[in-house]
Protein chains: 2
Amino acid sequence: MGITKVDGFTPEVTQMAEILKALGHPARLAIMEYLINSPDCINGDLVDHLPLAQSTVSRHLSELKKVGLIKGTITGNCISYCINEEVWNKIKVFFNSSSDQITPGKSCAC
Amino acid sequence: MGITKVDGFTPEVTQMAEILKALGHPARLAIMEYLINSPDCINGDLVDHLPLAQSTVSRHLSELKKVGLIKGTITGNCISYCINEEVWNKIKVFFNSSSDQITPGKSCAC
DNA sequence: TTTAAATATCGTAATATTGCGATATGGGAA
DNA sequence: TTCCCATATCGCAATATTACGATATTTAAA
């Protein structure tokens with residue numbers, strides 16, 4: 001089928017899965033790291049840093065923006081993309097709070 | 001194409017992307033939450049908690065195991081699956097350390 | 001207005017993913 | 001051994017993803 005079932009899952013799970021799915025690609029994860037490390041949000045030479053064609057990079061940027069991981073706009077030759085810290089923080093909180101719920105030293109044998 | 005390019009990315013990025021990709025599905029994320037909240041690792045009634053057929057759940061479990069997110073084995077009627085805390089923690093560290101690198105109040109305009 | 005630059009979108013082809021039913025497999029119980 | 005139960009695997013069909021080249025779009029500058 002290739003179609004992901006959504007019915008029966010909580011909106012929280014569905015939304016977080018969408019975000020993580022967007023991050024689950026080497027190019028998109030590399031883009032995020034690049035944006036994190038670039039202090040001025042400019043990613044004009046992003047294409048040079050990735051082994052992908054310009055159109056492919058643009059498509060990945062579009063997907064990251066779709067799920068809210070990045071924000072910004074392009075106006076002329078001024079490229080202004082940066083991390084959406086709110087969403088990024090949401091992921092961080094998700095994993096931190098999940099970790100707290102793990103029973104330490106959980107036995108995995110019967 | 002549908003084939004994800006790997007050449008040109010660091011092994012770290014590629015591996016983390018694989019893990020996040022595995023988590024980027026509502027069913028698999030729900031499975032992880034279920035495993036986190038079940039103190040005794042038993043997931044025999046996992047199928048009842050998901051809106052998916054048994055074979056589909058088994059396939060998702062297989063993918064989670066492939067990337068190391070869960071560990072355990074099935075011996076007879078004794079189901080023993082649980083979170084691989086080491087990998088889970090690796091994700092947590094990844095997002096926490098990444099957040100530290102974000103320049104606070106980064107301006108996104110030109 | 002025309003040109004140059006940079007990014008976005010389109011069209012396409014190849015591959016991957018998803019889900020289910022059917023079936024196979026494995027271990028315990030009768 | 002045979003039966004029963006639960007999970008794993010297979011095979012299939014439908015859809016999604018990925019990447020690229022070509023083209024469109026947009027903005028600033030000449």
Side-chain angles (χ1 to χ4, degrees), chain A residues 1-9 13-14 17-31 34-35 41-67 70-82 109-110, chain B residues 1-9 13-14 17-31 34-35 41-67 70-82 109-110:
Chain A
M1 295 191 170
I3 189 167
T4 298
K5 233 182 183 179
V6 165
D7 301 5
F9 298 105
V13 164
T14 301
E18 271 184 358
I19 294 171
L20 295 177
K21 182 181 181 181
L23 289 176
H25 188 286
R28 292 194 288 266
L29 200 56
I31 289 173
Y34 181 81
L35 288 182
C41 297
I42 291 173
N43 67 326
D45 53 351
L46 180 57
V47 175
D48 301 333
H49 286 267
L50 299 173
L52 296 167
Q54 179 268 329
S55 60
T56 306
V57 173
S58 180
R59 182 183 280 260
H60 284 308
L61 283 170
S62 173
E63 293 204 43
L64 288 172
K65 194 172 183 181
K66 194 178 68 180
V67 299
I70 64 175
K71 58 184 178 181
T73 48
I74 307 288
T75 57
N77 61 355
C78 171
I79 306 103
S80 176
Y81 268 145
C82 67
C110 296
Chain B
M1 295 190 173
I3 188 167
T4 298
K5 233 182 181 179
V6 165
D7 301 6
F9 298 105
V13 164
T14 301
E18 272 184 356
I19 293 171
L20 295 177
K21 182 181 182 182
L23 288 176
H25 188 288
R28 292 194 289 267
L29 199 57
I31 289 173
Y34 182 80
L35 288 182
C41 297
I42 291 173
N43 68 327
D45 54 351
L46 180 58
V47 175
D48 301 332
H49 286 266
L50 299 173
L52 296 168
Q54 178 267 329
S55 60
T56 306
V57 173
S58 180
R59 182 185 280 259
H60 284 309
L61 283 170
S62 173
E63 293 204 43
L64 288 172
K65 193 171 182 181
K66 193 178 69 180
V67 298
I70 63 175
K71 58 185 178 182
T73 47
I74 308 289
T75 56
N77 60 356
C78 172
I79 306 102
S80 176
Y81 268 144
C82 66
C110 295

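As a basis for the values below, the full set of heavy atoms in this structure was taken, side chains included, without hydrogen atoms, waters or symmetry mates. Below, chain A is the first sequence line, B the second, and so on; all start at residue 1.
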- Please report the C-alpha distance between A:Leu52 and A:His60 in whole Å, then the side-chain angles of each, then the deciding distance to 0.1 Å, and finally whether the side chain to side chain contact (heavy atoms under 4.5 Å, CB included) criterion is met. CA-CA 10 Å; A:Leu52 296 167; A:His60 284 308; 4.0 Å; yes
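The shortest distance between side-chain heavy atoms of B:Leu46 and B:Leu61 falls below 4.5 Å. Under the 4.5 Å side-chain criterion, counting only non-hydrogen atoms from C-beta, B:Gln54 is in contact with B:Ser58.
A sub-4.0 Å separation between OP1 or OP2 of C:dC20 and a side-chain N or O of B:Thr56 is present. Taking 4.0 angstrom as the limit, B:Lys21 places a side-chain polar atom (N or O) nearer than this to OP1 or OP2 of C:dT17. One finds no side-chain N or O of A:His60 lying less than 4.0 angstrom from the OP1 or OP2 phosphate oxygen of D:dT17. Proximity of B:His25 to the phosphate of C:dG19: a side-chain N or O atom is located under 4.0 Å from OP1 or OP2. In terms of phosphate contacts, A:Tyr81 brings no side-chain nitrogen or oxygen within less than 4.0 Å of OP1 or OP2 of C:dA6.
Here the straight-line distance linking atom NZ of B:Lys65 with atom NZ of B:Lys71 works out to 11.5 Å at 0.5 Å rounding.
For D:dA6, the base has no donor-acceptor partner in the side chain of B:Gln54 [N/O atoms by modelled type, under 3.5 angstrom].
One interatomic measurement links the two molecules: CD1 of A:Ile31 to P of D:dA19, which rounds to 10 Å at whole-angstrom precision. A straight line from CG of B:Leu61 to C1' of C:dG19 spans 15 Å, rounded to a whole angstrom. Going from atom CG of A:Asp48 over to atom C1' of C:dA5 covers 14 Å, rounded to whole Å.
Among the heavy atoms of the strands lying under 4.0 Å from B:Ser58 is at least one base atom, whether or not backbone atoms are also near. Using a 4.0 Å heavy-atom criterion, one finds that A:Ser55 contacts the bases of the nucleic acid, with or without backbone contacts as well.
Along DNA chain D, the nucleotide nearest to A:Thr4 and the one nearest to B:Lys5 differ in position, and the one closer to the 5' end is contacted by A:Thr4. Nearest-nucleotide positions on DNA chain C for B:Pro51 and A:Arg59 put A:Arg59 closer to the 5' end.
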